[in-house]
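The structure appears below as structure tokens.
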Amino acid sequence: ITILKMLRRFISAAGRPLSQALPRRSLQIPSQVAGIGRLNHIAIAVPSLEQQIPLYRDVLGAKVSQPQDLPAHGVTVLFVELDNTKLEFLQPLGENSPIAGFLKKNAMGGMHHICLEVDDITKAVNSVREAGVRTLKDEPSNGAHEKPVMFLHPKDCGGVLVELEQV
């Protein structure tokens, strides 16, 4: 499955055709699109990680990691391992955390982003940019797993913040 097909699915899921989802810009289909792998995780911003542990570990029986501070990203993360993917819970770490801003708009928390695996982050970033999809940074950076990641602009992805992670 190509990145463009996945983006089209997100946009279709939002109930809007691709042409309406990107009124100011249109996606240009590149000559070669880098493929994506599986869904790596769904990230959920929460005001408190500790409140999540009893439900996922004790009630649902999932494997839950210990919270881990990631000062470089301004978050504390907690992973819930599932058979087919992971849930990544994000709690703000410091006032300048990007998650703090999200929680100001969504006090209860909520889905922050999805993460899709790619074999080659450079090829994937070049493909999406060639297609007209904006990235949030100029260059990939290391994510929570110390692997190269790049975030795609939600306005170009049907309202979904998409993280690409090289595996």
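Please read these numbers as outputs of a predicted model, since none were measured by experiment.
- To the nearest 0.5 Å, atoms CZ (Arg134) and CZ (Arg129) are separated by 12.5 Å.
- Heavy-atom minimum distance, Pro47 versus Ala107: CG-O, 3.7 Å.
- Taking 4.5 Å as the limit, every side-chain heavy atom of Glu88 sits out of range of all side-chain heavy atoms of His112.
- The cluster map of Ile, Leu, Val, Met, Phe, Trp and Tyr, joined by side-chain heavy atoms under 4.5 Å apart, puts Leu49 and Val80 in the same cluster.
- Between Ile36 and Glu117 there is no side-chain heavy-atom pair separated by less than 4.5 Å.
- In this structure a side-chain-to-backbone donor-acceptor pair under 3.5 Å is missing from Glu81 to Lys63.
- Hydrophobic clustering (side-chain heavy atoms under 4.5 Å, transitive across Ile, Leu, Val, Met, Phe, Trp, Tyr) groups Val64 together with Val46.
- Ring geometry for His145 versus Phe79: interplanar angle of 30 to 60°, hence tilted.
- Residue Met108 is not grouped with residue Val75 when hydrophobic side chains (ILVMFWY) are merged at heavy-atom distances under 4.5 angstrom, including chains of intermediate members.
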Check against side-chain contact (heavy atoms from CB on, under 4.5 Å), Val125 and Lys137: CA-CA 11 Å; Val125 168; Lys137 292 186 176 180; over 6 Å; no
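- Residues Val162 and Phe151 fall into different hydrophobic clusters, defined by Ile, Leu, Val, Met, Phe, Trp and Tyr side chains chained together at heavy-atom separations under 4.5 Å.
- Judged by distance alone, with hydrogens and angles left aside, the side-chain atoms of Gln166 form a donor-acceptor pair with the main-chain N or O of Ile121 at under 3.5 Å.
- Contact of the Val118 side chain with the Val167 side chain is not registered, since no non-hydrogen atoms from C-beta on lie closer than 4.5 Å.
- His41 and Glu163 are linked by a side-chain donor-acceptor pair at a separation below 3.5 angstrom, with hydrogens and angles left out of the test.
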Determine, stepwise, if the pair Leu161 / Leu152 fulfils side-chain contact (heavy atoms from CB on, under 4.5 Å). CA-CA 6 Å; Leu161 179 60; Leu152 307 181; over 6 Å; no
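- Separation of atoms CG (Leu78) and CZ (Arg57) is listed at 9.5 Å; rounding is to 0.5 Å.
- Summarising the geometry, atom CD1 belonging to Ile44 is positioned 11.5 Å from atom CD1 belonging to Ile99; distances are rounded to the nearest 0.5 Å.
- Surrounding CD of Glu146 are more than 12 heavy atoms belonging to other residues, nucleotides or ligands, all under 6.0 Å away.
- Judged by distance alone, with hydrogens and angles left aside, the side-chain atoms of His73 form no donor-acceptor pair with the main-chain N or O of Leu93 at under 3.5 Å.
- Interatomic distance, CE of Met150 versus CG of Asp138, reported as 7.5 Å (0.5 Å rounding).
- Using a distance-only test at 3.5 Å, with no hydrogens or angles considered, a donor-acceptor pair links the side chain of Thr85 to the main chain of Asn40.
- Counting only heavy atoms from C-beta outward, the side chains of Ser141 and Val149 approach each other to under 4.5 Å.
- Within a 6.0 Å sphere centred on CG of Asp58, heavy atoms belonging to other residues, nucleotides or ligands number more than 12.
- The minimum heavy-atom distance linking Gly74 with Pro98 is given by the pair O-CD, 4.4 Å.
- Contact record, Pro148 with Pro140: CB-CB, 4.5 Å, taken as the closest heavy-atom pair.
- Heavy atoms only, all atoms of each residue included: Leu103 and Gly109 are closest at CD2-CA, 3.5 Å.
- Residue Asn106 qualifies as enclosed at atom CG: its count of foreign heavy atoms under 6.0 Å is above 12.
- The CD atom of Gln91 sits 11.5 Å away from the CG atom of Leu70 when rounded to the nearest 0.5 Å.
- Using a 4.5 Å cut-off between side-chain heavy atoms of Ile, Leu, Val, Met, Phe, Trp and Tyr, with links allowed through other members, Leu164 and Met111 fall into the same hydrophobic cluster.
- Under a 3.5 Å cut-off, the side chain of Arg38 and the backbone N or O of Asn84 do form a donor-acceptor pair.
- Using a 4.5 Å heavy-atom cutoff, the side chains of Pro67 and Glu50 are in contact.
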